[in-house]
**Student:** 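Structure in structure tokens, see below.
Here is the naming used below: chain letters follow the sequence lines, and residue numbers restart at 1 for every chain.
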Amino acid sequence: MSNAEVADKLASFGQLLSSQPEKNPYKVRAYQKAAALIRVLPASLDEMVRQEVDLTGLPGVGEAIADAIREIVLTGSLGRLESLRAQSSPELARISDYPRLDPKRVLRVYKKLNIASIEGLRDALDAGLIEQQLGMRMAQHVRQALMPVEAMLLYKADALRASVEEFLVGPCDARRVEVAGGYRRRTEVVDELTFLVEAEDFAAVVRTMQSYGGETPLVRAGKSSAAFGLSAGIVLRLRQAYPTNWGLSLIACTGSMSHLRKLSAVTGSIAKLRASGDAFPDEESLYAQFGLGFIAPELREGLDEVRRAQMGTLPALVSVDDIRGELHAHSLSSDGSNSIEQMAATAQMRGYEYLGITDHSQSLKIAGGVSPDDLWKQVRYIDRLNERLSGIRILKSSEVDILQDGSLDYPDDLLKELDYTVCSIHSRFGLGKEEQTERIMRAMDNRYFNILGHATGRLLLKRPGYEIDVARVVMQARQNGCFFEINSSPDRLDLSAENARMAGEAGVKIAVSTDAHSVREFGLVRYGIDQARRAGLEKSSVLNCLPLEHLSSLFRR
DNA sequence: GCCGTTTTCGGCCCGACTGTTTTCAGTCG
């Protein structure tokens, strides 16, 4: 019994429960949370049940859900799920085979499009009818729920990577293991994990891997490679490699495809290299043999990196150690969970020289937007705080809403008191591209506008973000002396690497910010740095790699 | 249904906007 099967049943139960008239939404959530946890659990629930391990030790699992798990493992089914299915309409029962579908939303689609089956749903999706009649969100929801393979945010894959790697060198007895693929290139979303594996007996590794997380089904197996379906919903690929050619294999498995195409124009095909008998124990040796500088994995997307490696003009990519401060962070004054002092102490522990406090502005009521009066008070408070702090400087700032007409959410005489501003859109996502672009450009005309926060508003795997003409906004920023941010929040990573590259090439500096809402979130900066590196940014292009004096002069327009 | 420096109940964000959908539910952070 795989963890995935257990998770599916719990999720289906939660799903059916949610369409019951007298449901307890917290109960629904409890089942869904437990299912989500189980999907990424490395230990085998099947084994845990048989060894009578106390399941309530798992977070989100109490007596009731522990019983359910035991029942599923020991009998193969869940009574309460089956009786709920029996009570449900046939449509609803079929929907419950797809635990990621939200039944209430699907029933709305059924009614609107006059369909009554999963097949009908799939057809309507493919024909674009769902997007047309019920909007992009709904279409995205249905698409994601029907897809066999789930995509996963990079930061979630981090934990999974560590757990699989441990399993490979532990129970699987691999001698050497290294992750490759899109994960190594730090793409923001991954749908597979690829590992290079050196082992005495590769077939045995493949056999043992199938017991990861209870059971991890083998999808495809060759002599020197294998693919598995992880409970977490993504594919796990293993590829056998040898010490003499480790570097060559690593390049091949790291990709991307378009990078390899451009690379092989210089080196000849990978297959030929493999057959040549030359040894490439590491990547550097291969690049060096063809007169190329080392190309960082984050750059291997088939843009200009191979040409630049030939000319010796690859960028010296920014790294986490280059960061000197944080420019987007919230405190208790709006929707953060820690005081300014606590945030400052943590920033200082990280070795930062400055910390900008950017609480939400007055219009954003739900996030505890700060009234003008309270911001005046906060400005004076931070002045006094700075007098007694040493080693770190708190910058007076705000995450100022860009209102629908492009005006900013505070009067100029208040904005003037701030060291700088982060200005963001939090409302009216539905405006057309032209209108949205104009809105931001108008906002940039305000001399107190400094950094554009999360420029497109996207939430990865959830929502595409509003439409703007990024190229025009970049030009406006350059002209007006404004800056962008890469928001490091793992479900935003906004600007995208592509847009950040565009801004960087136009000479517009970018803040790599965390948007931290608590002291725990400062560390997320590494995900922003991943994207900055994918954008080819050097530290000279990153705003918060600059010393404070330089920064302050850039913020005065 | 889970959880607890709130310990056996009561909370688990929240609250103002938006729209042609469904005038309530979805949406913003």
Side-chain angles (χ1 to χ4, degrees), chain A residues 10-11 13-20 22-38 54-69 78 80-81 84 102-114 129-141 328-337 358-371 398-404 409 422-431 436 453-454 456-459 462-466 487 489-492 494 513-518 521:
Chain A
L10 295 179
F13 182 69
Q15 179 197 36
L16 279 180
L17 208 59
S18 75
S19 54
Q20 294 293 101
E22 301 119 46
K23 60 176 180 209
N24 170 359
Y26 297 109
K27 185 170 167 180
V28 173
R29 203 177 305 165
Y31 276 91
Q32 288 168 338
K33 254 176 69 181
L37 160 99
I38 287 169
D54 179 17
L55 298 173
T56 60
L58 300 169
V61 176
E63 284 305 330
I65 291 182
D67 275 345
I69 294 172
L78 181 62
R80 67 192 90 162
L81 170 63
L84 213 49
D102 174 6
K104 278 168 72 185
R105 299 174 81 182
V106 175
L107 292 178
R108 233 167 70 209
V109 178
Y110 281 4
K111 200 170 150 199
K112 175 96 182 172
L113 299 178
N114 198 23
L129 286 174
I130 297 183
E131 169 148 14
Q132 219 174 71
Q133 304 218 20
L134 292 120
M136 186 154 48
R137 291 273 167 95
M138 184 66 93
Q140 194 169 359
H141 167 69
H328 188 163
H330 297 264
S331 78
L332 291 171
S333 307
S334 62
D335 59 349
S337 326
T358 53
D359 280 304
H360 286 291
S361 61
Q362 54 181 332
S363 288
L364 203 63
K365 304 268 190 239
I366 187 168
V370 179
S371 71
S398 168
E399 182 175 11
V400 187
D401 263 50
I402 299 172
L403 304 179
Q404 185 175 358
D409 199 19
V422 175
C423 301
S424 312
I425 284 183
H426 292 117
S427 62
R428 303 307 304 253
F429 280 31
L431 296 183
Q436 204 70 279
H454 46 71
T456 73
R458 74 171 178 178
L459 290 181
K462 273 204 202 118
R463 114 189 145 197
Y466 38 84
N487 190 296
S489 173
D491 57 352
R492 288 190 182 274
D494 179 15
S513 298
T514 61
D515 203 351
H517 282 68
S518 77
E521 291 173 20

**Student:** Report yes if at least one side-chain N or O of A:Arg458 is closer than 4.0 Å to OP1 or OP2 of B:dC28; otherwise report no.
**Tutor:** no

**Student:** Please pick, from B:dG29, B:dG1, B:dC13, the nucleotide with the shortest atom-to-atom distance to any side-chain atom of A:Lys27.
**Tutor:** B:dG1

**Student:** Counting side-chain heavy atoms from CB outward, which of B:dG29, B:dC28, B:dC12 is closest to A:Arg137?
**Tutor:** B:dC28

**Student:** Using the C1' atom on both, measure B:dC3 against B:dT8 and round to a whole Å.
**Tutor:** 11 Å

**Student:** What residues, two or more places apart in sequence or in another chain, satisfy ring pair (Phe, Tyr, Trp, His ring centres under 6.0 Å) together with A:His426?
**Tutor:** A:His360, A:His454

**Student:** Tell me which nucleotide among B:dT27, B:dC2, B:dG29 gets nearest to the side chain of A:Ala367.
**Tutor:** B:dG29

**Student:** P atom, B:dG19 versus B:dT23: distance in rounded Å?
**Tutor:** 16 Å

**Student:** Can you tell me how far P in B:dG26 sits from the matching atom in B:dT20, rounded to whole Å?
**Tutor:** 15 Å

**Student:** Using the aromatic ring of A:Tyr26 (for Trp, its six-membered ring), decide whether it stacks on the base of B:dC12 within the limits of 5.5 Å and 30°.
**Tutor:** yes

**Student:** Can you tell me the pairing partner of B:dT8 across any strand shown, Watson-Crick or G-U wobble, with both distances under 3.5 angstrom?
**Tutor:** none

**Student:** Is any side-chain nitrogen or oxygen of A:Arg492 closer than 4.0 Å to OP1 or OP2 of B:dC28?
**Tutor:** no

**Student:** Would you kindly give the CZ-to-C1' distance between A:Phe13 and B:dC2, to the nearest whole Å?
**Tutor:** 15 Å

**Student:** Distance check needed: B:dC17 C1' versus A:Leu431 CG, whole Å only.
**Tutor:** 14 Å

**Student:** Can you sort out the partners of A:Asp102 under salt bridge (Lys or Arg N to Asp or Glu O under 4.0 Å), two or more places apart, ordered by chain and number?
**Tutor:** none

**Student:** State which of B:dG1, B:dG29, B:dC28 makes the closest approach to the side chain of A:Leu364.
**Tutor:** B:dG29

**Student:** Does A:Asp335 get its side chain close enough to the base of B:dG29, under 3.5 Å, for a donor-acceptor pair?
**Tutor:** no

**Student:** Can you tell me whether the side chain of A:Arg108 and the base of B:dT22 have a donor-acceptor pair closer than 3.5 Å?
**Tutor:** yes

**Student:** Looking across every strand, which nucleic acid part, if any, lies under 4.0 Å from A:Asn24 by heavy atom: base, sugar-phosphate, or nothing?
**Tutor:** base

**Student:** Will you find, in the side chains of A:Thr514 and A:Glu521, an N or O donor that is under 3.5 Å from an N or O acceptor?
**Tutor:** no

**Student:** Distance check, P atoms only: B:dC17 and B:dC12, in whole angstrom units.
**Tutor:** 23 Å

**Student:** Do other residues, nucleotides or ligands put more than 12 heavy atoms under 6.0 Å from A:Asp54 CG?
**Tutor:** yes

**Student:** Hey, does the side chain of A:Arg463 come within less than 4.0 Å of B:dG29's phosphate (OP1/OP2), counting only N and O?
**Tutor:** yes

**Student:** Roughly how far apart, to the nearest Å, are B:dT18 and B:dC13 at atom P?
**Tutor:** 25 Å

